[in-house]
Amino acid sequence: MQMQTTQKNFKVGMTHRTDMRTLSTEEINFEIDMCIGCDRCMRACPVPLSSQVTIADLNRANISDEITPIVARFTDECVMCGSCVPVCPVDNHRDLLMLSLKQRLGISWDGQVDLSKAMGHLPPGWDVSLVLLCLREQAIFRDARLVPDNYLLHFVATSDILTLSSGVELMREGEFGRDIFFILDGQCEVFSQGTDQLSLPLAVLRRGEYIGEQGMLTGQPRSVTVRAAQDRTVVLKVPEQVMQRLMEVSPAVQDFFVQLSSARAIEDMLSRLELFKGISAEDIHALATQASIQRVEREEQLFSEERKGKPVRETFHLLLDGFVRVARKTGRSEHPERIIAYRQRGDYFVGGLDMLGDRRAVTVTAITRVTVAEITRVQLKSLLTRYPAFKERIQERVQLYQEANTAAHSAVFEPFDPEQLQQALVNTSSAAEARSGLHALVSDGVVEGTEVLVIDLDKCIHCNECEEACERRHGQSRMNREGMVVGNMSIVTACRQCQDPVCMLCSRAGIARKPSGEVYITESCIGCGICAERCPYDNISIVSLTEDENEVQPASWQRFSRFFSKGFGKERGRKVLPMAQTPAEPGPLQPFVNDGLENLRKKIAIKCDLCAGYNNQACVQACPTGAAIRVNPVTFFGSTEDILSRKAR
Ligand SMILES: Nc1ncnc2c1ncn2[C@@H]1O[C@@H]2COP(=O)(O)O[C@H]2[C@H]1O
């Protein structure tokens, strides 16, 4: 028996696992010896194909070269959710055994490519080699040693080739979308929506350039509108998961792509900021390309008081996306930190907020996943010297920040207008109460949502109609009306449709987002539970589609399916399949549908999708007193720029 030892890249779709390690050959043999063949792991496995594979097949594959095509496919489809581990009576690490198989088999992009779908959409006169030639014009694909032809072929095979007539819209400003578009031929015009419905032309993009990376990387709505500017403009529309897969199999592409894309995002953001008005396009371009980018995870610090005096204090930090908390240590054990402010995408720090202030450091912590650009002291100083108006604006801003810091000593979040919260229907008895409520909203991440369901407790008669209507419509209630109480409002426990939903990091595209913002479960979902684990707010549940968790009965899925196909848009009690009731765009990823295996699905995720596909929301509609309403929490705050300009008035 010859075991291959080559270690292939195995990161794909597994960013949720931080506890992975490679098993040695001795450990693999030990684990297989321990296995009693009870098959409980296979029954717990959510991958539909697991019904066709036995544990004996997997054990054989683990210790020999006997790998059947179905075991190879199952290994590729394993999402490393870990469902197999807790059910094992002998405490085997079946997940790590699957990992070792994945390593031995390598990535599926090394294998054969099925180009039939791509061939069907080629424009007249085009062939696959021309598509590859055009893709090689993209800076990130230029080096064939980093991205071999076979990877590009897989890339094309799992994407869509579109041929557009002049004027056809590729994306609209403000809509959500996570696909990226590579221009293969022709050109596209980029517009920003000005006032009075006037479009402001920003740029023309040509073959060799790409569009839509900001939505893909940050989850934010499209920053501009893009239309084809020539007849027969040919673009490759690449789903997020396919781009992620390419970046994972070729990490060098990832570094290059993130660097290029961040430079564009910074340039875009700097040229829109009031602070940078009057600075030349060349200087903004130079700042953007030289800035360094940092990805900060939830609850990690961007910088802290302990780093006082370190270079960070002289750096300009620009938040490209996400939310942060700005605080200062109190030295008291019961309230160790005092929150001074919350900052979001587009906000910035100069020398850690206090360059000209009391020179005391602050601690800045990510509340959500954050991307931050750092502009160094040298670059900043050069701007301050060459642009007096910029220097003046910085000084004004720092002064305002300092005032906000001083106000923070009264234990309230100063740059907040309680009237605004009142307008947003929160009727609190005092401004201080509103402010402490605001702290709760931010700390609990409510502000991260785009659509939050709240219940006005003054109007609520506790009839539970909202939850029951949800259950009637979807078969399972997707909400719990009890949640955090702020003033007289209850923040319902239900999906808030986050700005940058971490649940959407699904390698199977089991969750997608409609252009209008609703995040919904797609037909590709297998209920592996990774999204539920990722959701910081516990707003996703997994339901079994079988009669008995331990007895897999494909027939019950078929029964659900029948109701699904008949029950479009109708309320059918408990029997409706709990996923979006429309063929909502964007749909599931092609490789995971239409292969017949959906009939073997065992579980599915459920979450509130704002009743996608219906013309009203069951909970809001059913409330007899009008207590249940939807609000956009970001309107509670405004950006720091808004807040400071209000203060200055
Ligand atoms: N000023 C600009 N010039 C050229 N392209 C842009 C500009 N601003 C944004 N874009 C691109 O247009 C895309 C719109 O969608 P995204 O925000 O996802 O990503 C954006 C960028 O790819």
**Q.** Inter- and intrachain pairs under side chain to side chain donor-acceptor pair (under 3.5 Å), touching residues 209-219, at least two apart
**A.** Tyr210-Ser261, Glu213-Arg264, Gln214-Ser223
Q) Hey, are Thr368 and Asp500 close enough side-chain-wise for a donor-acceptor pair under 3.5 Å? A) no
Q) What residues form a side-chain hydrogen bond (donor to acceptor under 3.5 Å, both in side chains) with Gln138, not counting sequence neighbours? A) none
Q. Under the salt bridge (Lys or Arg N to Asp or Glu O under 4.0 Å) rule, what pairs show up with a residue in residues 141-153, not counting sequence neighbours?
A. Arg136-Asp149, Asp143-Arg145
Q) What pairs with Ser516 under side-chain hydrogen bond (donor to acceptor under 3.5 Å, both in side chains), at least two apart in sequence or on another chain? A) Glu518
(Q) Test of understanding: with ring pair (Phe, Tyr, Trp, His ring centres under 6.0 Å), list the residues that count as partners of Phe141, not counting sequence neighbours. (A) Phe155, Phe182
Q: State which residues pass side-chain hydrogen bond (donor to acceptor under 3.5 Å, both in side chains) with Gln497; sequence neighbours excluded, sorted by chain then number.
A: none
Q: Sequence neighbours left out, what passes ring pair (Phe, Tyr, Trp, His ring centres under 6.0 Å) with Trp126? Give chain and number order.
A: none
For residues 28-35, which side-chain N or O atoms pair as donor and acceptor with protein atoms under 3.5 Å away, sequence neighbours left out?
unit_1 : atom_1 : unit_2 : atom_2 : d
Asn29  : ND2    : Thr25  : O      : 3.4
Glu31  : OE1    : His93  : N      : 2.7
Glu31  : OE2    : His93  : ND1    : 2.8

Q. So which pairs with a foot in residues 96-120 pass ring-ring contact (aromatic ring centres under 6.0 Å, His included), sequence neighbours left out?
A. Trp109-His154
Q | Residues forming a salt bridge (Lys or Arg N to Asp or Glu O under 4.0 Å) with Glu175, sequence neighbours excluded | A | none
Q: Apply side-chain hydrogen bond (donor to acceptor under 3.5 Å, both in side chains) to Asn150 and list each qualifying residue two or more places apart in sequence or on a separate chain.
A: none
Q | For Glu300, all residues meeting salt bridge (Lys or Arg N to Asp or Glu O under 4.0 Å), sequence neighbours excluded | A | none
